[in-house]
Amino acid sequence: MLVVAIQLPGATPVEARQVTAPAADRGATLFRQRCGACHSVTPGINSPQGPHLGGVVGRRSASVAGYAYSRGMQNANRTWNTTTLDAFLAAPTRAVPGTRMMTSVANPADRAAIVAYLATRRQPR
Ligand code: HEC
């Protein structure tokens, strides 16, 4: 039997473990449906509606050059990881007062799938 272990570049073991293929696949679909209108996952491509989310897991908040963040997001001062992303997607304006992003994801399993998908969009550093 052949066992292949996949470690994403730069991923901590915890994040790598949470990136299960089925969750990430479902997350890709959810992302297209709920986030894709405002966010690209291609670094450097900001839509008029939102900053790109390529490599967002492990990235500092409000750090995409050339995107005009709200004052609230500029003051958020955190690193996006599975915990901070989950809290932000559950209740954006509670997690980051003053943010312009209003889209929340009520279902915890949907949030986890979206974050798992975003973790596969990590950028090598
Ligand atoms: C209607 C447009 C819209 C939709 C839909 C949307 N967002 Fe956003 N998002 C924004 C805007 C605008 C910002 C910048 C917020 C600010 O500056 O306060 C943002 C910011 C973010 C950030 C912070 C990025 C950074 O660089 O710090 C994350 C993470 C994020 N969105 C994730 C998501 C996810 C995941 C979804 C889908 C569930 C989603 N967004 C859906 C408009 C949207």
Side-chain angles (χ1 to χ4, degrees):
M1 193 175 93
L2 180 65
V3 178
V4 182
I6 299 171
Q7 172 79 49
L8 298 173
T12 66
V14 165
E15 284 161 353
R17 222 182 307 131
Q18 286 169 351
V19 181
T20 57
D25 284 354
R26 212 170 75 75
T29 304
L30 289 168
F31 184 88
R32 257 196 317 277
Q33 294 166 343
R34 309 227 196 139
C35 324
C38 297
H39 293 288
S40 158
V41 287
T42 305
I45 304 203
N46 298 323
S47 89
Q49 283 76 29
H52 81 77
L53 298 180
V56 72
V57 177
R59 196 169 90 187
R60 293 295 294 166
S61 53
S63 63
V64 170
Y67 184 79
Y69 290 95
S70 65
R71 183 60 58 90
M73 190 58 82
Q74 287 176 38
N75 291 335
N77 192 30
R78 68 197 62 182
T79 298
W80 294 123
N81 56 35
T82 50
T83 307
T84 54
L85 281 169
D86 187 71
F88 180 58
L89 294 178
T93 54
R94 182 141 31 94
V96 179
T99 183
R100 275 200 306 274
M101 180 164 132
M102 302 293 157
T103 305
S104 61
V105 180
N107 182 318
D110 288 356
R111 289 199 301 275
I114 290 170
V115 173
Y117 166 68
L118 288 173
T120 69
R121 304 287 94 188
R122 286 183 79 97
Q123 302 305 309
R125 270 169 263 225

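We count ligands from 1, going down the list as the structure has it; atoms in each ligand are counted the same way.
The OG atom of Ser104 sits 9.0 Å away from atom CZ of Arg111, with the distance rounded to the nearest 0.5 Å. Annotation: the span from Ser47 atom OG to Leu53 atom CG amounts to 9.0 Å, rounded to 0.5 Å. Going from atom CE of Met73 over to atom OG of Ser63 covers 10.5 Å, rounded to the nearest 0.5 Å.
Against a heavy-atom cut-off of under 4.0 Å, Met73 is close to the following atoms of ligand 1: 16 (C), 17 (O), 18 (O), 23 (C). For ligand 1, the atoms sitting less than 4.0 Å from at least one non-hydrogen atom of Val105 are 38 (C), numbered in the order shown with element in parentheses. Within ligand 1, counting atoms from 1 as listed, the ones closer than 4.0 Å to a heavy atom of Ala62 are 25 (C), 26 (O), 27 (O). Interface of Tyr67 with ligand 1, defined as ligand atoms under 4.0 Å from a residue heavy atom, comprises 12 (C), 14 (C). Near Trp80, meaning under 4.0 Å from one of its heavy atoms, ligand 1 places the atoms 23 (C), 24 (C), 25 (C), 27 (O).
Here the closest heavy-atom approach between residue Val96 and residue Ala76 is recorded as CG1-CB, 4.0 Å. The two residues Tyr69 and Arg59 make their nearest non-hydrogen contact at OH-NH2, 4.2 Å. In terms of heavy atoms, Thr103 sits closest to Pro92 at O-CG, 3.3 Å. Between Ala62 and Gln74 the shortest heavy-atom distance is CB-CA, 4.0 Å. Heavy atoms only, all atoms of each residue included: His39 and Pro51 are closest at ND1-O, 2.7 Å. Of all heavy-atom pairs spanning Thr79 and Thr84, the tightest one is O-OG1, 2.8 Å.
In this structure, the protein non-hydrogen atom closest to atom 11 (C) of ligand 1 is Gln49 O, 3.6 Å. Of all protein heavy atoms, the one closest to atom 15 (C) of ligand 1 is Thr99 OG1, 3.4 Å. Of the protein's non-hydrogen atoms, the one nearest atom 22 (C) of ligand 1 is Phe88 CE2, 3.6 Å. Here the heavy atom of the protein found nearest to atom 26 (O) of ligand 1 is Tyr69 OH, 2.5 Å. Of the protein's heavy atoms, Leu89 CD2, 3.5 Å lies nearest to atom 35 (C) of ligand 1. Shortest contact from atom 29 (C) of ligand 1 to any protein heavy atom: Leu85 CD2, 3.5 Å.
The side-chain heavy atoms of Asp110 and Arg26, taken from C-beta on, include a pair separated by under 4.5 Å. With contacts defined as side-chain heavy-atom distances shorter than 4.5 Å, the pair Val41/Phe31 qualifies. For the pair Asn77 and Arg60, the minimum side-chain heavy-atom distance is below 4.5 Å.
Between the side chain of Ser61 and the main chain of Arg78, a donor-acceptor pair closer than 3.5 Å is present. Within the 3.5 Å criterion, the main-chain N or O of His52 finds a donor-acceptor partner in the side chain of Asn46.
Any N or O atom pair closer than 3.5 Å counts here, and Gly98 shares no such pair with ligand 1. At under 3.5 Å, not a single nitrogen or oxygen of Arg34, backbone or side chain, sits near a nitrogen or oxygen of ligand 1. Checked against a 3.5 angstrom limit, the closest N/O atoms of Arg100 and ligand 1 fall inside it. Taking distance alone, with nitrogen or oxygen atoms compared against 3.5 Å, Arg60 stays at or beyond that limit from ligand 1. At least one N or O atom of Ser70 sits closer than 3.5 Å to an N or O atom of ligand 1. Inclusion of Arg59 in the set of residues having an N or O under 3.5 Å from an N or O of ligand 1 is warranted.
Tyr67 and Met101 fall within the same hydrophobic cluster, defined by Ile, Leu, Val, Met, Phe, Trp and Tyr side-chain heavy atoms under 4.5 Å apart, directly or through other members.
Distances shorter than 4.0 angstrom do not occur between any heavy atom of Arg111 and any atom of ligand 1. In this structure, Gly72 has no heavy atom closer than 4.0 Å to ligand 1.
Within the 4.0 Å heavy-atom criterion, neither part of Val96 lies near ligand 1.
Under 2.8 Å from atom 8 (Fe) of ligand 1, one finds the following protein N/O/S atoms: His39 NE2, Met101 SD.
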Next on the checklist: Show, in sequence, the C-alpha distance, side-chain angles and deciding distance for Met102 and Thr93, and conclude whether the side chain to side chain contact (heavy atoms under 4.5 Å, CB included) test is met.
Outcome noted: CA-CA 7 Å; Met102 302 293 157; Thr93 54; 3.9 Å; yes
